[in-house]
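In what follows, a structure is listed as structure tokens, so that the remarks can point back to it.
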Amino acid sequence: MSERYHLKPVKIFASALMLALMLALSAYAWDGIAKRLIICLGLSLGCSLLLLLPKLSNKLTIPLFVLYLAYVPLKSFQRMELPFHDMNRIMDGVTLLSVTMIICVYFAFFLVTQRSNWGLGGGSLFLLFLFLVEYYVVKFRGDVLRPSDLGAVKTAVSVLGNYDFSLSREAAYTVLYFLFFICLGFQIRIRMNRWVHIGISAASLCMIGGWYYTVMVSPYPVEKEITGHYWNMTENQLLNGTCMSFFVMLRESRLDVPGDYSEEAVSLAALEAANLYDKPQGSDIQPDIIMIMNEAWSDLSVLGELETTEDYMPFVNSLSENTVKGNLYVSILGGLTANTEFEALTGNSLALLSPTVIPYQNQVNHDMPSLARVLEASGYETMAMHPSGTAAWSRGKVYPFFGFDEFIHETKWETPYEYLRGFLSDSCNFHEIIYRFENRNEEAPFFLFDVTIQNHSGYYGDVPMDIKVKSVGGISAEEVGYIYDLETYLNLMKITDTSFGELVTYFVC
């Protein structure tokens with residue numbers, strides 16, 4: 001009795017807190033339709049009441065368990081999809097595989113905890129976490145979560161402060177459902193003897209193994225035309241769903257070794273290619289080389305008509321003497337900076353790899369040929385530089401494999417820090433380049449590869465907004481509507497252009 005007395009106030013407080021949270025979410029998620037309002041209020045009151053319930057007997061929990069498995073997995077699948085699309089293009093077989101995967105999540109949590117309530121409640125909590133991760137990946141980048149993103153967690157965490165974490169009404173509605181499923185799941189505590197535990201554990205292993213074999217090994221997905229769509233990544237979610245897109249890409253990320261492949265064959269091919277070229281005239285000249293890969297720097301006018309109040313790249317556009325210009329096409333959009341680095345430094349095309357792979361995370365785990373290694377063999381001092389930490393894209397591990405003598409990251413900066421939107425500015429970055437050049441080993445030629453960070457998305461924050469957009473594609477800015485992100489981006493381009501002009505002027509003068 002004393003235990004109940006002490007627990008009751010805690011339960012009441014938790015119930016009231018949950019009710020307040022759910023009602024606040026309901027107010028945000030309500031779209032003006034009476035049916036949704038009723039559902040939101042029902043979910044809110046349901047969560048609150050579930051937290052007040054005592055332990056239920058098996059006569060109640062076993063039927064609840066069956067009802068939970070019969071209804072919640074399908075509803076969870078639908079709620080994980082509807083904030084992104086209306087599901088009318090989902091491929092045949094995707095729903096079955098996705099619902100089965102959700103049930104496997106419940107059984108996986110049961111295997112670990114050996115408790116039915118943790119299997120259902122913990123599984124639903126995990127699914128809510130996955131939904132939120134997927135939601136923000138889609139919101140920030142425009143496509144689904146990929147297997148390669150798992151290796152980019154540290155990189156993502158380093159730039160989280162520049163993103164808007166608000167939820168759409170539909171996403172908030174999904175959160176409401178999952179909170180109810182979590183509360184309900186944790187109330188379903190089935191008391192089992194040892195043999196029931198062993199039987200359910202064995203069945204769980206069989207189901208999880210069967211699902212894995214079906215999705216990752218068997219031809220079933222191919223027969224159902226469930227495949228990755230890499231030209232337009234949004235298609236993955238529309239056709240394969242949020243849950244299955246990840247596993248489809250994971251399955252297709254495995255690389256088969258080509259027939260007759262060997263290191264000896266590659267070395268022979270490389271030698272034959274080298275023999276085709278004579279040593280170019282003037283190759284004994286060893287100029288200092290500074291290679292800058294500027295984060296998100298681009299001229300949007302190449303995409304169509306863009307009229308602004310002033311030029312956002314006046315210095316770059318003025319360059320003509322000793323200047324080579326052109327359009328550079330890269331393999332990535334809206335993320336995965338490291339893939340452009342990989343292609344630029346190694347000369348290897350991502351076309352030879354699975355579309356889901358990030359080489360910095362998956363392949364570069366040993367010494368590799370690279371531009372830095374070629375120049376190092378010619379006597380160059382080689383240096384890599386990036387104004388962030390060593391964990392971002394595992395650069396601290398990758399650059400030594402490429403042959404860089406030293407990696408200058410944020411904590412090794414020698415010049416004063418200057419920040420713009422929370423990132424080290426390009427001006428600060430270029431000052432550090434000058435410092436490193438002035439303090440180089442003058443007895444050896446110098447190669448510095450620099451990746452900037454100032455212009456990383458998202459495009460808002462404390463930025464001088466001197467440049468305004470007048471029209472886009474011949475349509476006036478007023479008719480286009482919300483263009484704050486665009487104007488922020490263009491003003492960042494102007495700031496980079498000015499800083500780059502100062503850097504070039506230093507070396508020219």
Can you confirm whether [X] sits close enough to [Y] that some side-chain heavy atom of one is under 4.5 Å from a side-chain heavy atom of the other?
| X | Y | value |
| --- | --- | --- |
| P221 | F247 | no |
| W297 | I292 | no |
| M101 | F246 | no |
| I495 | V463 | yes |
| Y484 | M465 | yes |
| L503 | I434 | yes |
| N455 | F423 | no |
| H456 | Q454 | no |

message: Regarding D299 and Y312, do their side chains bring together a donor and an acceptor under 3.5 Å, going by distance alone?
response: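 Yes, a side-chain donor-acceptor pair sits under 3.5 Å.
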message: Is a donor from one side chain sitting under 3.5 angstrom from an acceptor on the other, for S298 and Y489?
response: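 S298 vs Y489: donor-acceptor pair found between side chains.
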message: Check for me whether the distance between the ring centres of F165 and F140 falls short of 6.0 Å.
response: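 Ring centroids of F165 and F140 are less than 6.0 Å from each other.
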- prompt: How about F402 and F449: are their ring centres within less than 6.0 Å of each other?
  reply: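 Centroid distance F402-F449: not below 6.0 Å, so no.
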- request: Look at the rings of F131 and F178 and say which category their plane angle falls in: under 30° parallel, 30 to 60° tilted, over 60° perpendicular.
  value: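 Parallel.
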- request: Can you label the angle between the Y399 ring and the F404 ring as parallel, tilted or perpendicular, going by 30° and 60°?
  value: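 Rings of Y399 and F404: perpendicular, as their planes differ by over 60°.
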Quick one: does any side-chain atom of [X] pair with a main-chain N or O of [Y] as donor and acceptor, under 3.5 Å?
| X | Y | result |
| --- | --- | --- |
| R421 | D462 | no |
| E81 | M87 | no |
| Q237 | F84 | no |
| Y417 | E410 | yes |
| T498 | K494 | yes |
| T309 | K468 | yes |
| R373 | F401 | yes |
| E295 | V451 | no |
| T452 | D426 | no |
| D497 | M493 | no |

query: Under a 4.0 Å N-O cut-off, is there an ion pair linking R79 with E170?
result: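 So R79 pairs with E170 through a salt bridge.
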Distance check, rounded to the nearest 0.5 Å: [X] atom [atom1] versus [Y] atom [atom2]?
| X | Y | atom1 | atom2 | value |
| --- | --- | --- | --- | --- |
| L82 | Y177 | CG | OH | 10.0 Å |
| L448 | F437 | CG | CZ | 10.5 Å |
| S457 | D485 | OG | CG | 10.0 Å |
| D466 | L490 | CG | CG | 12.0 Å |
| M313 | L319 | CE | CG | 12.0 Å |
| S471 | E307 | OG | CD | 4.0 Å |

message: Could you tell me if R36 sits above the aromatic ring of Y173, with its cationic atom closer than 6.0 Å to the ring centre and no more than 45 degrees from the axis?
response: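 Ring-cation test returns yes.
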In terms of heavy-atom contacts, does [atom1] of [X] have more than 12 from other residues, nucleotides or ligands at under 6.0 Å?
| X | atom1 | result |
| --- | --- | --- |
| E443 | CD | no |
| E225 | CD | no |
| K397 | NZ | no |

message: Using side chain to side chain donor-acceptor pair (under 3.5 Å), reason through S378 and Q286 one step at a time and then give a plain yes or no.
response: CA-CA 8 Å; S378 299; Q286 293 182 305; 4.7 Å; no
message: Please determine whether side chain to side chain donor-acceptor pair (under 3.5 Å) holds for the pair Y360 and T337, giving the CA-CA distance in whole Å, both sets of side-chain angles, and the decisive distance to 0.1 Å.
response: CA-CA 10 Å; Y360 273 28; T337 305; over 6 Å; no
task: Dump the intermediate steps for side-chain contact (heavy atoms from CB on, under 4.5 Å) on I226 and V215, then the final yes or no.
output: CA-CA 10 Å; I226 303 173; V215 172; over 6 Å; no
